[in-house]
Enquirer: 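Below is the structure I would like to discuss, written out as structure tokens.
Every chain is numbered from 1 and lettered A, B, ... according to where its sequence line falls, protein lines coming before strand lines. Below, each value reflects all heavy atoms present in this structure, side chains not excepted, and no hydrogens, waters or symmetry copies.
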Number of protein chains: 2
Amino acid sequence: MAESGGRSGDEAMCPYRLVLEHVTSRWGVLVLIRLLERPHRFSELRRAIGEVRQVSEKMLTQTLQTLERDGFVHRDAQPVIPPRVDYSLTDLGREAAEQVRSLALWTERRMGEVEQARKAYDEARA
Amino acid sequence: MAESGGRSGDEAMCPYRLVLEHVTSRWGVLVLIRLLERPHRFSELRRAIGEVRQVSEKMLTQTLQTLERDGFVHRDAQPVIPPRVDYSLTDLGREAAEQVRSLALWTERRMGEVEQARKAYDEARA
DNA sequence: CTGCATCCTCAGGGATACTG
DNA sequence: CAGTATCCCTGAGGATGCAG
């Protein structure tokens with residue numbers, strides 16, 4: 001969201017818009033798409049996302065917590081040493097993730113048209 | 001997008017993710033949904049969005065410019081005084097907007113489950 | 001390994017004033 | 001009315017260090 005998982009300054013708007021911002025946030029999108037594929041451990045998820053765009057440990061934690069709190073992500077912490085935590089999608093999360101992924105795929109498919117539009121736009125002012 | 005229409009610091013990632021962030025950005029979402037309904041003039045759009053969450057003139061301009069450059073929004077500036085500018089969706093923009101709206105509506109429908117999940121989450125640590 | 005806490009930077013974005 | 005230009009501040013988010 002304009003924000004990722006932050007919970008600040010969120011009081012002055014309709015509640016569902018907040019959830020939407022969590023889901024469509026920079027890191028939220030990537031997390032949901034990755035988890036749609038299969039469950040991931042924390043650092044596994046971090047590496048997987050890193051292929052696209054590096055995410056800090058802090059932001060990943062924050063994003064996962066927000067998505068967990070909203071009921072999209074299930075967190076399974078095993079009490080072993082060293083710690084092992086697996087993240088997966090809930091049914092609700094899967095529904096959200098599928099829509100997000102479909103939007104992402106659509107965008108990818110349409111990149112040609114977007115780049116063409118940009119070229120036209122940029123040339124029209126030179 | 002964590003960002004709205006800004007074009008800064010955008011170089012270090014795959015291009016389609018940028019477009020996705022434009023579309024799912026705080027103001028991008030609201031603009032697209034409003035324009036899906038019908039074309040709007042600038043300040044008309046600003047008022048319409050203001051019902052949900054106040055947007056500054058600057059951010060609305062920036063968002064519209066980004067969406068226009070990406071080929072989602074069509075800008076029709078009439079050379080009259082006082083100026084009159086109408087914004088509408090292109091075919092590409094309509095496709096994007098429909099997906100965004102459907103995600104927004106889904107979120108709205110699921111708010112009950114989200115709030116329930118939050119309650120459970122919050123209670124589990126008190 | 002998985003987190004939480006702290007500090008710090010920088011850019012997203014609001015407020016204001018000015019132009020055509 | 002529809003922008004453009006400036007200034008300024010908050011907070012998203014990275015870096016680092018520590019704990020379980």
Enquirer: Give the residues of residues 79-87 of chain B touching DNA chain D, defined as any heavy atom closer than 4.0 Å, sorted by residue number.
Expert: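 The answer is B:Pro82, B:Pro83, B:Val85, B:Tyr87.
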Enquirer: Within this structure, what is the CE-to-C1' distance between A:Met59 and C:dC4, rounded to whole angstrom?
Expert: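 Rounded to the whole Å, the gap is 14 Å.
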Enquirer: So, using side-chain hydrogen bond (donor to acceptor under 3.5 Å, both in side chains) as the criterion, who are the partners of B:Asp122 when residues are at least two apart?
Expert: A:Arg69
Enquirer: Please list every donor-acceptor pair under 3.5 Å in which a side-chain atom of residues 112-120 of chain B meets a protein atom from a residue at least two apart or in another chain.
Expert:
{"residue": "B:Glu113", "atom": "OE2", "partner": "B:Arg110", "partner atom": "NH1", "Å": "2.6"}
{"residue": "B:Arg118", "atom": "NE", "partner": "A:Asp70", "partner atom": "OD1", "Å": "2.7"}
{"residue": "B:Arg118", "atom": "NH2", "partner": "A:Asp70", "partner atom": "OD1", "Å": "3.0"}

Enquirer: Near DNA chain C, under 4.0 Å by heavy atom, which residues of residues 31-49 of chain A?
Expert: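 Here the set is A:Arg41, A:Phe42, A:Ser43.
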Enquirer: Considering non-hydrogen atoms only, spot the tightest contact between B:Trp27 and B:Gln54 and give its length.
Expert: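 Scanning both residues completely, I find the closest heavy atoms to be CH2-O, 3.1 Å.
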Enquirer: Side-chain N or O of B:Arg75 less than 4.0 angstrom from OP1 or OP2 on D:dG3?
Expert: yes
Enquirer: Any salt bridge between A:Glu37 and A:Arg101, counting N to O under 4.0 Å?
Expert: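 Looking at A:Arg101 together with A:Glu37, the answer is no, because their closest N to O distance does not fall below 4.0 Å.
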Enquirer: Rounded to the nearest angstrom, tell me the gap between atom NZ in B:Lys58 and atom C1' in D:dT4.
Expert: 11 Å
Enquirer: Provide, to the nearest angstrom, the distance between the CD atom belonging to B:Gln62 and the C1' atom belonging to C:dG12.
Expert: 8 Å
Enquirer: Over how many whole Å does the gap from B:Gln78 atom CD to D:dA2 atom C1' extend?
Expert: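 From B:Gln78 CD to D:dA2 C1': 13 Å.
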Enquirer: Between A:Ser56 and B:Thr61, who's closer to the 5' end of DNA chain D by nearest nucleotide?
Expert: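 First, find each residue's nearest nucleotide; the 5'-ward one identifies B:Thr61.
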Enquirer: Looking at residues at least two apart in the chain, or sitting in another chain, which of them share a side-chain hydrogen bond (donor to acceptor under 3.5 Å, both in side chains) with B:Arg84?
Expert: B:Asp86
Enquirer: Are the side chain of B:Thr90 and the backbone of B:Gly71 linked by a donor-acceptor contact shorter than 3.5 Å?
Expert: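 Yes.
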Enquirer: Starting at CZ of B:Arg26 and ending at P of C:dG12, how long is that distance when rounded to a whole Å?
Expert: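 It is 12 Å, rounded to the nearest whole Å.
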Enquirer: A:Glu57 has an atom CD; how far is it from atom P of D:dG17, in whole Å?
Expert: 13 Å
Enquirer: Salt bridge between B:Arg34 and B:Glu44, side-chain N to carboxylate O under 4.0 Å?
Expert: no
Enquirer: Which residues satisfy the side-chain hydrogen bond (donor to acceptor under 3.5 Å, both in side chains) test with A:Arg109, sequence neighbours excluded?
Expert: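 None.
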Enquirer: Using the side-chain heavy atoms of B:Gln65, tell me which of these nucleotides is nearest: D:dC7, D:dG14, D:dT4.
Expert: D:dT4
Enquirer: Would you compute the distance between atom OG1 of A:Thr107 and atom NE2 of B:His22 and round it to the nearest 0.5 angstrom?
Expert: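 NE2 of B:His22 is found 11.0 Å from OG1 of A:Thr107.
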Enquirer: In whole angstroms, how far is the P atom of C:dC4 from the CG atom of A:Leu60?
Expert: 12 Å
